[in-house]
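Below is one structure, written out as structure tokens; comments come after it.
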Amino acid sequence: MSQNKLILFLDRAIIEQLESAAAYNTDEVCGFLLGHEDKFVRTITRIIPVDNIAADKKDAFQIASKDYLKAERFADVNNLQLLGVYHSHPNCPAIPSEQDRLAAQPYFSYLILSVTDKKVTSIRSWSLNDSFQFDEDFLMSTNNINQHINGYRNYPNTAA
Amino acid sequence: MATVIIPTPLRKFTNNNSKLAIQASSISEMIHHLTNDFPELKKHLLDANGKVPSFINIFVDDDDIRNLQQEQTVIKENSTVSIVPAIAGGAYRI
């Protein structure tokens, strides 16, 4: 069954927060994406970084249940929606692994930052479809829609 | 009735309800009622063996049912049951 492609807007400040969280960390970093949703358009206005509690942080991430519950309560209290999760892939492409897919939840956008040599080289976002496979979201910057950073192009080369 | 907190990813299966009042005396009974009322929840709350899958955590008040009596954990009238998706993943290796 075909599904409408999600559009994810990230403004420059959010991108910078994500970059600073991920770029200099050799471990996978992770956190939540909050904002607003209007039909198939999701605007991220806030991120909540959380601890990665995976045993092997260089190759995996895991978020504690207490942090999940806190993020959901924060969203409710602040009239935001919990729209997804971000995590980094140090020295790996911004493509979800099979481990990512098996653990993925419906509805959420999974934003992945690829990090190489202390730089975020690519940002892509994915959502699970009804067949439990990932579809890629269309990623855009709210500062300048023309400077889109969709996953088929390297970021930040095409987003000045 | 116990209050069941539905996590954001599963709310599209509960008509966007984030909280539901369920009359049940155990977790298995609660899941039975929940999946009966909202059939699309079943594939997310139960595995092929009828157990809560590893990527779903269920808390009765502040306690993980895996540290209690699993699906047989007792629910009281004033219990709050939180369904919490496990958020995890790993790097992509070619």
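Heavy-atom pairs under 4.5 Å with chain B peak, among A/Tyr110, A/Phe108, A/Tyr107, A/Phe61, at A/Phe61. Between chain B and the residues A/Pro106, A/Ala103, A/Ala64, the largest count of heavy-atom pairs under 4.5 Å involves A/Pro106.
Remark: side-chain polar atoms of A/Glu72 are paired, donor with acceptor, to backbone N or O of B/Thr8 under 3.5 angstrom.
A/Leu102 touches chain B through its backbone: at least one of N, CA, C or O sits under 4.5 Å from a heavy atom, while the side chain does not. Only the side chain of A/Leu69 has a heavy atom closer than 4.5 Å to any heavy atom of chain B. With a 4.5 Å cut-off on non-hydrogen atoms, B/Pro53 does not touch chain A at all. With a 4.5 angstrom heavy-atom cutoff, A/Asp76 touches chain B only via side-chain atoms.
In this structure, B/Ile87 CD1 and A/Asp67 CG are separated by 11.0 Å, a value rounded to the nearest 0.5 Å. Put simply, CG on B/Asn57 and OH on A/Tyr68 are 11.0 Å apart, with the number rounded to the nearest 0.5 Å. Rounding to the nearest 0.5 angstrom, the gap separating the OG atom in A/Ser65 from the CD1 atom in B/Ile83 is 12.5 Å. Distance check, rounded to the nearest 0.5 Å: CG of A/Leu82 to CZ of B/Arg11 gives 8.0 Å.
Considering every non-hydrogen atom in both A/Gln99 and B/Gly89, the closest pair reads NE2-O, 3.8 Å. Heavy atoms only, all atoms of each residue included: B/His44 and A/Phe132 are closest at CE1-CZ, 3.7 Å.
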